[in-house]
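All remarks here apply to the structure that follows.
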Amino acid sequence: MRTVVVNQSGRIFRAVSGEKQSVGKTIGEAVDALTQQLENGNQETLFIVQRFQPDEFFTAEQQERLSQLMQKLRQAEAENKEMNPKERAELEKLIDEELEGSARRAETIATLIK
């Protein structure tokens with residue numbers, strides 16, 4: 001059985017299965033893009049749609065900072081400007097941490113359903 005976790009970050013949905021990931025504007029778009037990356041995508045698959053709530057894998061403080069930085073990114077893009085490089089690096093680090101948290105959360109859930 002393959003486990004896919006879908007969560008929402010800002011306005012983007014992310015689907016994660018093991019090392020593979022995809023994003024989309026909707027849950028379906030994210031899942032469809034991920035399915036294309038998976039071998040034997042039609043095998044029995046468990047989908048978990050996660051509400052974006054703080055937990056031990058990605059804290060409320062991390063979520064708040066991610067939200068602030070995403071807002072700054074959107075503002076910079078709307079103004080056709082570059083985001084501050086230091087803040088851009090922090091944003092990318094938080095995105096990576098959120099993705100790692102999603103993977104760890106999926107692993108935890110997978111062990112519970114075996």
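Source: prediction; values computed, not measured. Side-chain atoms are counted along with the backbone in the values below, which use heavy atoms only and exclude waters and symmetry mates.
Checking each of Glu87, Glu79, Glu82 against Lys72 for a salt bridge (charged side-chain N to carboxylate O under 4.0 Å, His left out) leaves exactly one that passes, namely Glu87.
Contact between Gln62 and Phe57 at its shortest, heavy atoms only, is OE1-O, 4.3 Å. The minimum heavy-atom distance between Pro54 and Ala60, with the atom names listed, is CB-N, 3.4 Å. Between Gly24 and Ala30, the closest heavy-atom pair is N-CB, 3.7 Å.
Gln21 CD to Gln37 CD: the interatomic distance, rounded to the nearest 0.5 Å, is 8.0 Å. Going from atom CG of Leu91 over to atom CE of Met83 covers 5.0 Å, rounded to the nearest 0.5 Å. One finds the CZ atom of Arg74 at 4.5 Å from the CE atom of Met70 (value rounded to the nearest 0.5 Å). From Glu90, atom CD reaches atom CG of Leu66 across 9.5 Å, with rounding to the nearest 0.5 Å. From Leu69, atom CG reaches atom CG of Asn84 across 9.5 Å, with rounding to the nearest 0.5 Å.
With 3.5 Å as the limit, one finds a donor-acceptor pair spanning the side chains of Gln68 and Glu64.
Taking 4.0 Å as the cut-off between side-chain N and carboxylate O, Glu92 and Arg88 count as a salt-bridged pair. Under a 4.0 Å N-O distance rule, the pair Glu97/Lys93 qualifies as a salt bridge.
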